[in-house]
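Letters A, B, ... are given to chains in the order of the sequence lines, protein chains preceding strands, and every chain is numbered from 1.
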Protein chains: 2
Amino acid sequence: MIEIQKTENSRPYTEILNKIKSVSLRPTRQRLALGKLLFDDADRHVTAESLHEEAIAAGIKVSLATVYNTLNRFAAAGLLTEVVVAPGRSYYDTNITNHHHFFCEDNGTLEDIPGDAIKLASLPEPPLGTKVKRFDVVVRVEKD
Amino acid sequence: MIEIQKTENSRPYTEILNKIKSVSLRPTRQRLALGKLLFDDADRHVTAESLHEEAIAAGIKVSLATVYNTLNRFAAAGLLTEVVVAPGRSYYDTNITNHHHFFCEDNGTLEDIPGDAIKLASLPEPPLGTKVKRFDVVVRVEKD
DNA sequence: GTGATTGCAAATCTTTTGCACTAAA
DNA sequence: TTTAGTGCAAAAGATTTGCAATCAC
């Protein structure tokens with residue numbers, strides 16, 4: 001029984017329920033709650049650690065291991081994108097459209113750049129035997 | 001005494017010696033040997049692990065911790081660039097000019113793209129209170 | 001019921017660090 | 001000699017995994 005679904009805010013949960021079901025994952029209590037945190041607002045950037053803290057603060061009982069597993073499952077299913085900008089820490093982005101990032105190394109903050117805001121004037125041939133999958137632009141900024 | 005300097009190939013070692021001295025680092029046996037592996041060829045991409053294996057295979061006695069320390073010192077001194085392309089592993093690049101990368105996730109291979117081969121047609125304003133330091137383009141490719 | 005998911009703890013992997021020893025200046 | 005660098009082993013940080021209990025179907 002998913003008691004949280006009985007509240008007056010049941011519509012968003014239905015959306016998240018459908019989103020999770022649509023990728024053939026079981027809508028468990030933890031996945032629904034994490035999904036609500038992730039997908040209720042647009043363009044969120046989280047780490048496993050930050051999402052876990054947020055969940056605990058919101059009174060959601062979920063282990064860090066499950067947060068890792070959920071982020072990985074969501075990413076593998078295409079619900080999230082993994083963003084690699086800093087060594088030793090993975091960021092997950094709820095924006096799954098083609099886009100890029102500002103990254104502030106001073107405080108580890110990510111901000112989206114719309115895909116159409118950046119155009120490559122040219123691109124050399126990829127290495128022999130390979131084809132281009134996509135490209136990621138990271139614009140590194142610093143506080144001034 | 002740096003016995004290896006006595007061989008007939010002493011010229012490259014002089015270059016590496018000077019390179020290391022030029023950034024106020026002590027030219028120890030380990031740094032000279034790692035420097036030779038790194039800088040004798042152009043555009044090398046290594047991880048601490050891969051460079052350590054290479055060194056051991058070449059008969060150089062050096063610990064993994066020292067390889068990490070050396071890569072970090074070299075990078076801090078501007079002799080190397082750290083490249084962030086995959087979660088949980090740091091790559092170091094001997095190309096310190098402005099450039100970008102092809103990255104093949106299938107085998108973890110990096111390949112340089114000259115800086116002038118890529119031009120951004122436009123770039124939105126950076127987040128408030130920040131200024132652009134530089135941008136990195138990673139073109140992700142896959143085997144076909 | 002059956003198979004997927006959770007949670008915890010233990011394991012793994014990469015990287016850093018403390019400290020006694022060694023080497024460079 | 002004075003200070004920096006090395007090596008080992010231990011520690012640290014991020015992430016994954018084994019397994020019994022639990023939950024969705």
Atom [atom1] of [X] and atom [atom2] of [N]: how far apart are they, to the nearest Å?
| X | N | atom1 | atom2 | result |
| --- | --- | --- | --- | --- |
| B:Glu49 | C:dT16 | CD | C1' | 15 Å |
| B:Tyr91 | C:dT15 | OH | P | 10 Å |
| A:Leu17 | D:dA24 | CG | P | 11 Å |
| A:Leu64 | D:dT17 | CG | C1' | 14 Å |
| B:Lys21 | C:dA25 | NZ | P | 6 Å |
| A:Leu32 | D:dC23 | CG | P | 14 Å |
| A:His52 | D:dG13 | NE2 | P | 17 Å |
| A:Ile60 | C:dT6 | CD1 | C1' | 15 Å |

Exercise for the section: Scan side-chain atoms only and decide if B:His101 and B:Asp136 contain a donor-acceptor pair under the 3.5 Å cut-off. Expected result: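 There is no such pair (donor and acceptor under 3.5 Å, judged by atom type) between the side chains of B:His101 and B:Asp136.
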Is it true that [X] and [Y] have a side-chain N and a carboxylate O under 4.0 angstrom from each other?
| X | Y | result |
| --- | --- | --- |
| A:Glu105 | B:Lys133 | yes |
| B:Glu54 | B:Arg44 | yes |
| B:Lys131 | B:Glu125 | no |

Problem - Distance test, side-chain N/O of B:Asn72 to OP1/OP2 of C:dT16, below 4.0 Å - result: yes
Exercise for the section: Indicate whether OP1 or OP2 belonging to C:dT15 is found under 4.0 Å from a side-chain N or O atom of B:Tyr68. Expected result: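 Yes, such a contact exists.
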Problem - Contact state string [nucleotides 2-7 of chain D, B base, S sugar-phosphate only, - no protein heavy atom under 4.0 Å] - result: -BBSSB
Exercise for the section: Taking the side chain as every heavy atom from C-beta outward, state whether B:Lys19 and B:Leu79 have any atom pair closer than 4.5 Å. Expected result: yes
Practice task
Please examine the side chains of B:His45 and B:Asn95, heavy atoms only from C-beta on, and report whether any two atoms are closer than 4.5 Å.
Solution key: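 Result no, sub-4.5 Å side-chain heavy-atom pair not found.
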Exercise for the section: Mind checking B:Ser90 for me? I need base, sugar-phosphate or nothing, with any heavy atom below 4.0 Å counting as a touch. Expected result: sugar-phosphate
Exercise for the section: Runs of at least three consecutive Watson-Crick or G-U pairs, both distances under 3.5 Å, are what I'm after; which ones involve DNA chain C? Expected result: C:1-25 with D:1-25
Exercise for the section: Using atom types as modelled and distance alone, determine if a side-chain donor or acceptor of A:Asp93 lies under 3.5 Å from a backbone N or O of A:Val83. Expected result: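 Looks like no, no N/O pair under 3.5 Å.
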Exercise for the section: Could you tell me whether B:His100 and B:Phe135 have their ring centroids closer than 6.0 angstrom? Expected result: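 For B:His100 and B:Phe135, the ring centres are under 6.0 Å apart.
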Practice task
Starting at CD1 of B:Ile16, measure out to CG of B:Leu38 and round the result to the nearest 0.5 Å.
Solution key: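 One finds 8.5 Å between CD1 of B:Ile16 and CG of B:Leu38.
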